[in-house]
Visitor: 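Just passing along the structure, written as structure tokens.
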Amino acid sequence: MASAVRRAVPPVVAALLVVALAAPAGAAPEFRQRVAGISPEPEVVLRGGGFGHGVGMSQYGAYAMAQAGHSAAEILRHYYRGVAVGGTTMPSRIRVGLHRELPFSNVDALTGPVAWKTCRGGECTTVRSQPRGTTWTVRLRSDGRYTIFSGDRRVFRGGAGKRLVAKFHGTVIEAYNPNGARRRYRWGRLEYSVNSTAARTMFVVLDIPSMQLYLRGLGEVPSSWGLRGPAALQAQAITARTYALSLHQAFGGNRSDCRCSLLATPANQVYTGYDKETETYGEYWVAAVKATKRTVATHDGALIGAFYSSSHGGRSENSEDSWAYSASVPYLRSVDDPWSRDERAGNPLGRWERSVPNTEFARFVGSGMATVHQVEVLNRTAGNTVATLRVTGLTSTGVPTVVLRSGQKEIVGLDLRRAFSFSNGRFSLPTLPSQQVRGIGFAPFTDDDGSVHEFSTVFVQQAGIAQGVTATRFRPRAKVTRGQLATLLYRTFALPPAQRDHFTDDERSLHEASINALAEAGIANGVSRTRFRPGAAVTRDQAATLLSLALDLSPSSTDRFHDDDASVHEASINAIAGKRIASGCTGERYCPERAVARGEIATLLYRAVEAYR
């Protein structure tokens with residue numbers, strides 16, 4: 001823009017204006033050229049926390065609580081409301097399901113011999129003894145008989161209609177485990193039974209002779225937590241014992257789908273066998289199991305469903321609001337959980353983000369949405385997970401649209417979890433880490449999520465007009481000063497730099513160059529010949545006159561608001577309102593003397609730019 005013509009402005013108006021901008025006819029094409037390619041489609045950032053189903057005890061939270069001095073019982077009573085912690089009797093055996101359809105199984109006898117038996121009911125017959133240091137392989141034939149091979153040599157065939165058992169109690173073996181392909185076992189016996197003769201697949205169960213020995217092999221939390229938080233390991237041992245015992249009792253110790261008490265996978269509890277006891281710091285876990293012997297959690301005299309997960313995103317969920325559960329349970333209520341995010345926990349997923357392309361999120365919203373401009377959270381679960389969204393945007397033909405979006409159980413967070421995968425360089429997951437999405441907004445700023453001005457802040461940031469106060473904060477409610485607005489206009493209209501200094505009160509101001517550029521182009525007026533007052537706040541009526549002059553709008557005869565009557569800015573207010581650049585603050589009120597915030601200015605500039613397209 002090579003030149004600008006100062007427009008005659010009444011003295012009283014000139015004193016009030018932040019900037020009196022006249023955009024000559026020759027300026028419009030240059031301005032259009034500057035902004036023509038800037039049509040942001042900002043990524044939608046899902047900000048959440050936690051990993052798992054969000055119900056009951058947080059394992060990382062328990063660790064932080066333990067380091068803060070809380071006992072195991074206190075940890076349990078925090079996460080499970082109204083429970084009692086005490087002793088009970090235990091079963092003589094726990095059957096752990098390792099696989100339901102295993103085609104073959106290799107067994108390494110590491111420290112001693114393994115006795116192989118065939119069993120029907122409670123009667124067993126020893127058929128072979130596997131020597132120490134050998135590897136034997138079990139397979140099922142299509143006629144229902146088992147074969148055992150040592151290398152290429154068959155050492156046994158038979159057992160039709162029976163179970164095949166490898167008894168090794170006290171001897172360390174290595175065999176299949178679903179949590180790492182192969183693990184070492186020391187306690188109990190491996191039991192093979194027919195699943196499908198046609199497919200030649202077997203059920204594989206580890207039959208352990210006590211609850212204590214089962215718990216010693218549970219790989220749910222790091223044993224190293226015992227160094228700083230032994231109460232966390234004790235709380236885990238109690239919840240794990242309660243959980244296992246409740247499943248054992250529910251199915252009589254022999255579930256039909258696995259012929260076991262419970263599975264060895266995260267579907268129930270992660271069992272890793274003797275490797276857990278002998279890992280670095282494994283003695284701390286064994287000590288926690290011993291210290292809590294026979295201890296369980298109950299509610300009204302009955303075992304609780306001791307559900308737990310890695311962590312929560314600041315609060316746990318009511319059981320009925322979780323993707324994993326449906327019933328409302330009195331002791332599984334939402335509780336405040338800052339512990340999951342406590343620095344002492346070292347939780348890698350206490351907070352997480354997932355960036356989604358705008359068009360991809362629009363497809364998730366559905367109902368013809370093509371571009372997302374605003375995402376508002378209308379309500380949340382007790383655990384603070386987003387439940388219902390109001391999404392504003394455009395259809396593929398550019399028509400404005402508003403969509404209300406919820407999900408299963410009327411909780412959109414549940415659908416978000418399933419809809420998007422997650423990867424952060426450390427974890428790659430097929431879903432989001434949890435349903436606990438707490439905030440939804442556009443990159444790069446986090447403090448304008450859901451704001452009506454958020455899309456505009458993205459525009460001014462991408463256009464190089466305005467930046468955040470930090471890399472992630474825009475401060476959309478902060479008041480805009482005269483100096484700041486001078487810089488925003490200078491950047492928007494790409495004015496040439498000034499050749500001299502016009503004011504004395506902007507020395508060393510970050511905005512001095514912008515103020516002088518606007519003044520030299522015949523655009524800016526100070527409050528006097530030598531003073532600009534760069535730190536004074538800008539009001540809504542002043543901004544209206546500024547934009548009206550900038551866009552060379554014709555005065556409007558339609559009176560749109562009743563609180564600007566007789567104002568020197570009334571014509572400008574009506575003009576920009578008529579062009580849908582500005583709207584009232586409420587109903588027929590414009591609130592002309594209210595200070596303008598950074599978010600509002602971003603929207604005014606974005607709409608002004610749209611008027612030039």
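Along the sequence shown, residues carry numbers from 1. Because the structure is predicted, anything quoted here is derived from the model rather than measured.
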Visitor: Compute the centroid of each ring, for Tyr60 and then for Tyr63, and state whether the two points are separated by less than 6.0 Å.
Guide: no

Visitor: Give a yes-or-no answer on whether the side chains of Tyr185 and Asn177 include a donor-acceptor pair shorter than 3.5 Å.
Guide: yes

Visitor: Going by heavy atoms in the side chains, are Asp449 and Glu454 under 4.5 Å from each other?
Guide: yes

Visitor: Please answer whether the main-chain N or O of Ala237 pairs with a side-chain N or O of Thr292 as donor and acceptor at a distance below 3.5 Å.
Guide: no

Visitor: Can you tell if the side chain of Ile465 reaches within under 4.5 Å of the side chain of Phe459, non-hydrogen atoms only?
Guide: yes

Visitor: Can you tell me how far apart CG (Asp447) and CZ (Phe474) are? Round to the nearest 0.5 Å.
Guide: 9.0 Å

Visitor: Evaluate the side-chain proximity of Phe361 to Leu46: yes if any heavy-atom separation is below 4.5 Å, no if none is.
Guide: yes

Visitor: Once you round to the nearest 0.5 Å, how far does NE2 of His248 lie from CD1 of Ile94?
Guide: 5.0 Å

Visitor: Side-chain contact test, heavy atoms from C-beta onward, threshold under 4.5 Å: evaluate it for Leu349 versus Asn424 and give yes or no.
Guide: yes

Visitor: Of all heavy-atom pairs between Val270 and Glu220, which one has the smallest distance, and what is that distance?
Guide: N-OE2, 3.0 Å

Visitor: To the nearest 0.5 Å, what is the distance between CZ (Arg95) and CG (Leu247)?
Guide: 14.5 Å

Visitor: Testing the basics here: between Arg315 and Gly383, what is the closest heavy-atom pair and its distance to 0.1 Å?
Guide: CB-O, 3.8 Å

Visitor: Judged by atom type as modelled, is there a donor-acceptor pair below 3.5 Å linking the side chain of Tyr271 to the main-chain atoms of Pro178?
Guide: no

Visitor: For Leu389 and Leu404: C-alpha separation, side-chain torsions, deciding distance, then whether side chain to side chain contact (heavy atoms under 4.5 Å, CB included) applies.
Guide: CA-CA 6 Å; Leu389 305 178; Leu404 293 180; over 6 Å; no

Visitor: Within the 3.5 Å criterion, strictly below it, is a donor on Thr446 or Arg47 matched to an acceptor on the partner's side chain?
Guide: no

Visitor: Using modelled atom types and a 3.5 Å cut-off, is there a donor and acceptor pairing between side-chain atoms of Gln436 and backbone atoms of Gly50?
Guide: no

Visitor: Please round to the nearest 0.5 Å and tell me the distance separating atom CG of Leu102 and atom CZ of Arg200.
Guide: 15.0 Å

Visitor: Side-chain contact test, heavy atoms from C-beta onward, threshold under 4.5 Å: evaluate it for Leu190 versus Leu98 and give yes or no.
Guide: yes

Visitor: For the side chain of Ser340 and the backbone of His312, is there at least one donor-acceptor N/O pair under 3.5 Å apart?
Guide: yes

Visitor: Quick check: closest heavy atoms across Arg438 and Arg380, and the distance to 0.1 Å?
Guide: O-NH1, 2.7 Å

Visitor: Output all residues satisfying ring pair (Phe, Tyr, Trp, His ring centres under 6.0 Å) with Tyr490, sequence neighbours left out; order by chain, then residue number.
Guide: none

Visitor: Has Arg418 got its NZ or CZ under 6.0 Å from the middle of the six-membered ring of Trp323, at an angle within 45 degrees of the ring axis?
Guide: no

Visitor: Can you tell me which residue among Lys479, Arg477, Arg540 is in a side chain to side chain donor-acceptor pair (under 3.5 Å) with Glu600?
Guide: Arg540

Visitor: Give the minimum heavy-atom separation between Ala66 and Ala231, together with the two atoms involved.
Guide: CB-CB, 3.9 Å

Visitor: So, does Arg354 use its side chain to make a donor-acceptor pair with the main chain of Ser421 at under 3.5 Å?
Guide: yes

Visitor: Side chains of Ser456 and Thr603: any donor to acceptor distance under 3.5 Å?
Guide: yes

Visitor: Checking the side chain of Ser322 only, and the main-chain atoms of Ser319 only, is there a donor and an acceptor separated by less than 3.5 Å?
Guide: no

Visitor: Side chains of Phe442 and Val45: closer than 4.5 Å at any heavy-atom pair?
Guide: no

Visitor: Would you compute the distance between atom OG of Ser434 and atom CH2 of Trp352 and round it to the nearest 0.5 angstrom?
Guide: 5.0 Å

Visitor: Less than 4.5 Å apart, side chain to side chain, heavy atoms only: is that true for Phe364 and Leu416?
Guide: yes

Visitor: Apply the salt bridge (charged side-chain N to carboxylate O under 4.0 Å, His left out) test between Asp275 and each candidate in Arg216, Arg183, Arg182; give the one that qualifies.
Guide: Arg183

Visitor: Check for a donor-acceptor pair, side chain of Arg341 on one end and backbone N or O of Gly350 on the other, with a separation under 3.5 Å.
Guide: yes

Visitor: Checking side-chain polar atoms at under 3.5 Å, does Asp321 have a donor or acceptor matched by the opposite partner on Thr381?
Guide: no

Visitor: Main chain of Ser428, side chain of Ser423: is a donor-acceptor contact present, judged purely on distance under 3.5 Å?
Guide: no

Visitor: Is it true that atom CZ of Phe104 has more than 12 heavy atoms of other residues, nucleotides or ligands lying nearer than 6.0 Å?
Guide: no

Visitor: Give a yes-or-no answer on whether the side chains of Gln269 and Tyr214 include a donor-acceptor pair shorter than 3.5 Å.
Guide: yes

Visitor: Evaluate the criterion side chain to side chain contact (heavy atoms under 4.5 Å, CB included) for residue pair Tyr79 and Trp339; output intermediate values, then yes/no.
Guide: CA-CA 11 Å; Tyr79 287 108; Trp339 304 105; 3.8 Å; yes

Visitor: Minimum heavy-atom separation for Arg100 to Leu263, with atom names?
Guide: NH2-CD1, 3.0 Å

Visitor: Ser310 side chain to Gly52 main-chain N or O, any donor-acceptor pair under 3.5 Å?
Guide: no

Visitor: Mind running side chain to side chain contact (heavy atoms under 4.5 Å, CB included) on Cys260 and Val96 for me, showing each step along the way?
Guide: CA-CA 5 Å; Cys260 66; Val96 183; 6.0 Å; no

Visitor: Closest approach of Ile238 and Ala72, non-hydrogen atoms and distance?
Guide: CD1-CB, 4.3 Å

Visitor: Determine whether a donor-acceptor pair (N or O, by modelled atom type, separation under 3.5 Å) exists between the side chain of Asn195 and the backbone of Phe203.
Guide: no

Visitor: Please report whether the ring centroid of Tyr606 lies less than 6.0 Å from that of Phe455.
Guide: yes

Visitor: Please indicate whether Lys409 has more than 12 foreign heavy atoms, meaning atoms of other residues, nucleotides or ligands, lying under 6.0 Å from its NZ.
Guide: yes

Visitor: For Phe420 and Val437, what are the C-alpha separation, side-chain angles and deciding distance, and is it a side chain to side chain contact (heavy atoms under 4.5 Å, CB included)?
Guide: CA-CA 12 Å; Phe420 301 109; Val437 178; over 6 Å; no

Visitor: Is the shortest side-chain N to carboxylate O distance from Arg333 to Glu320 below 4.0 Å?
Guide: yes

Visitor: Does the side chain of Asp415 reach to within under 4.5 Å of the side chain of Gln408, using non-hydrogen atoms?
Guide: yes

Visitor: Show every donor-acceptor pair shorter than 3.5 Å between a side-chain atom in residues 367-374 and any protein atom, with sequence neighbours excluded, or say none if there are none.
Guide:
{"residue": "Gln374", "atom": "NE2", "partner": "Gly450", "partner atom": "O", "Å": "3.0"}

Visitor: CE of Met57 to OG of Ser309: how many Å apart, nearest 0.5 Å?
Guide: 9.0 Å

Visitor: Just say parallel, tilted or perpendicular for the rings of Tyr325 and His53, cut-offs at 30° and 60°.
Guide: perpendicular

